[in-house]
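Lettering follows sequence order; numbering is per chain, from 1. All values below come from the heavy atoms of this structure, side chains included, with hydrogens, waters and symmetry mates left out.
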Amino acid sequence: MSFSLPPSWSGRTLTGLRTKLLNWFDKHQRDLPWRRAADGTAGGPRDPYRVWVSEVMLQQTTVTAVVPYFERFVAALPDVRALAAADEQRVLKLWEGLGYYRRARHLHAAAKALAEAHVDQLPDDPAVWDALPGVGRYILGAVLSQAFDRKLPIVEANSLRVLARLFGHRGDPRVGAGKAWVWTAAETVLPNARCGDFNQALMELGALVCTPTAPDCGACPLQGHCEAKRLGLQEQIPPKKKPPAITEVSEVGVVIRSGDTLLLCQRPADAGRWQNMWEVPHAPRAGDEDVSDAAVRVAKELTGLDVEPGVEVMTVKHGVTRYAITLVCVEAALVGGGAFAPGSYADAKWVTPADLAAYPVSSPQRKLMTALADPNRQPRLF
DNA sequence: AACTCGGGGTG
DNA sequence: CACCCAGAGTT
């Protein structure tokens with residue numbers, strides 16, 4: 001599984017491939033803000049700070065999503081010194097909406113570490129970068145090859161696809177021995193000069209031509225070299241990621257309305273105790289007072305008896321883990337309140353609305369809250 | 001090796 | 001929906 005060039009390739013083949021790809025890049029590359037200097041000029045040497053910020057933002061995030069955040073971020077914090085001096089809340093505010101906030105914290109911490117070491121200019125030493133938080137092999141190679149033309153390979157989603165197809169690699173280059181294979185391939189194809197442009201060209205080709213589905217092989221400068229194209233396997237290489245297994249989780253949710261507050265309780269269906277309870281502000285609805293009998297019954301059942309409720313089934317995705325959740329929803333109005341004091345249930349955890357807002361939008365808790373707090377939702381009484 | 005982080009874009 | 005996206009760090 002280790003990488004070696006196809007036997008039929010000569011040194012000339014590799015040289016020709018590099019030239020074709022670089023020529024294609026010169027003609028077709030997109031005009032992206034991190035390919036320009038801070039003053040807007042293009043074509044000059046790239047600012048390592050801007051490249052670094054862009055690479056961190058682009059991690060698992062599409063180019064179109066990043067561009068406006070990048071512009072705003074580097075306008076507010078134009079160099080590593082400004083970033084190091086900034087308050088973390090300001091950095092996170094500038095990051096808000098991009099997700100993966102740990103990236104921002106790592107970027108900030110790295111800038112502060114450099115400032116602490118009195119590094120005023122970003123260095124071209126791989127060992128220094130490798131020691132920074134949030135900097136892995138990809139970002140190290142991407143920044144140093146672009147900003148200093150250091151001969152360091154990069155492997156990410158695009159170049160991985162291009163290289164796997166070009167050399168007709170069977171198996172998954174993302175896992176196991178495939179990882180080593182693709183890094184060696186990226187090292188092998190890299191020229192001695194214009195390393196940054198070449199790395200960019202691999203990615204640009206993957207983004208614009210060698211796309212995951214329906215690659216435009218007719219427009220590809222490497223079509224004459226491509227093993228996947230020769231075999232007609234462009235769409236099969238690399239293999240699709242296996243979807244994560246679906247774990248079925250049955251949860252019971254109960255909502256009780258008391259005036260303008262909702263009391264929500266949630267637990268796994270097979271658990272005897274409530275695991276999460278929280279209050280949510282909620283506008284009172286006409287008719288709330290008519291169901292106090294139901295509320296009393298719910299109160300009895302909250303002590304641990306099974307509920308026989310309306311049922312909602314929803315599938316949610318949380319990260320890469322997917323749950324099929326059966327929500328057993330009990331809704332009732334409670335007049336007077338007081339029956340559901342926090343101390344009433346062992347192991348119950350009170351969560352403020354602010355805590356709840358911190359849950360990921362796709363989390364079961366948020367889904368539950370949204371479903372139950374919807375003012376237009378018909379109450380389910382029993 | 002599998003999992004987590006978190007949305008957003010696209011067909 | 002399914003699948004993907006300029007990954008890194010932790011378990």
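Distance from the side chain of A:Ile139 is smallest to C:dG7 among C:dC4, C:dG7, B:dG6. The side chain of A:Thr64 approaches B:dG9 more closely than any other nucleotide in the set B:dG9, C:dG7, C:dA6.
Checking side-chain atoms of A:Arg72 against main-chain N and O of A:Leu94 turns up a donor-acceptor pair under 3.5 Å. Side-chain atoms of A:Asp216 do not come within 3.5 Å of backbone N or O of A:Val209 as any donor-acceptor pair.
In this entry the distance linking CH2 of A:Trp95 with C1' of B:dC5 reads 13 Å, nearest Å. In this entry the distance linking CE of A:Met203 with C1' of C:dG7 reads 13 Å, nearest Å. Distance, A:Glu235 CD to C:dC4 C1': 14 Å, rounded to whole Å. When rounded to the nearest whole Å, the span between NZ of A:Lys240 and P of B:dT10 equals 17 Å. The interatomic distance linking A:Asp130 (CG) with C:dG9 (C1') rounds to 13 Å, in whole Å. Taking atom CG of residue A:Leu208 and atom P of nucleotide B:dG9, one finds them 18 Å apart after rounding to whole Å. For A:Arg174 and B:dC3, the CZ to C1' distance is 16 Å, given to the nearest whole Å. In this structure, A:Leu92 atom CG and B:dG6 atom C1' are separated by 14 Å, rounded to whole Å.
No side-chain heavy atom of A:Arg194 sits less than 4.5 Å from a side-chain heavy atom of A:Asn199. Between A:Val74 and A:Trp34, every side-chain heavy-atom pair lies at or beyond the 4.5 Å cut-off. The closest side-chain heavy-atom distance from A:Val63 to A:Val67 is below 4.5 Å.
Taking the centre of each ring, A:Phe25 and A:Phe198 stay at or above the 6.0 Å mark. A:Trp95 and A:Tyr69 have their aromatic ring centers separated by at least 6.0 angstrom. Taking the six-membered ring for Trp and the full ring otherwise, the centers of A:Trp183 and A:Tyr138 sit at least 6.0 Å from each other.
Taking side-chain N and O atoms only, A:Arg161 has a distance below 4.0 Å to OP1 or OP2 of C:dC5. Remark: A:Gln60 is in phosphate contact with C:dG7, judged by side-chain N or O atoms under 4.0 Å from OP1 or OP2.
DNA chain B lies under 4.0 Å from at least one heavy atom of each of the following residues of residues 100-116 of chain A: A:Tyr100, A:Tyr101. Near-neighbour residues of DNA chain C inside residues 29-53 of chain A, defined by a heavy atom below 4.0 Å, number-ordered: A:Arg30, A:Leu32, A:Trp34, A:Arg35.
A salt bridge does not link A:Asp172 to A:Lys241: none of the charged side-chain nitrogens sits closer than 4.0 Å to a carboxylate oxygen. With salt bridges taken as basic N to acidic carboxylate O contacts below 4.0 Å, one links A:Arg30 and A:Glu204.
Across the P atoms, B:dG11 and C:dA6 are found 14 Å apart, a figure rounded to whole Å. Of the P atoms belonging to B:dG6 and C:dT10, the separation is 14 Å, rounded to the nearest Å.
Counting any heavy atom pair closer than 4.0 Å across all strands shown, A:Ala65 reaches no nucleic acid atom. Among the heavy atoms of the strands lying under 4.0 Å from A:Gly176 are primed sugar atoms or P, OP1, OP2 only; no base atom is included.
Mapped onto DNA chain C by nearest heavy atom, A:Ala207 and A:Val135 fall at different nucleotides, with A:Ala207 at the one closer to the 5' end. Nucleotides of DNA chain B nearest to A:Thr213 and A:Gln59 differ in position, and the one nearer the 5' end is that of A:Gln59.
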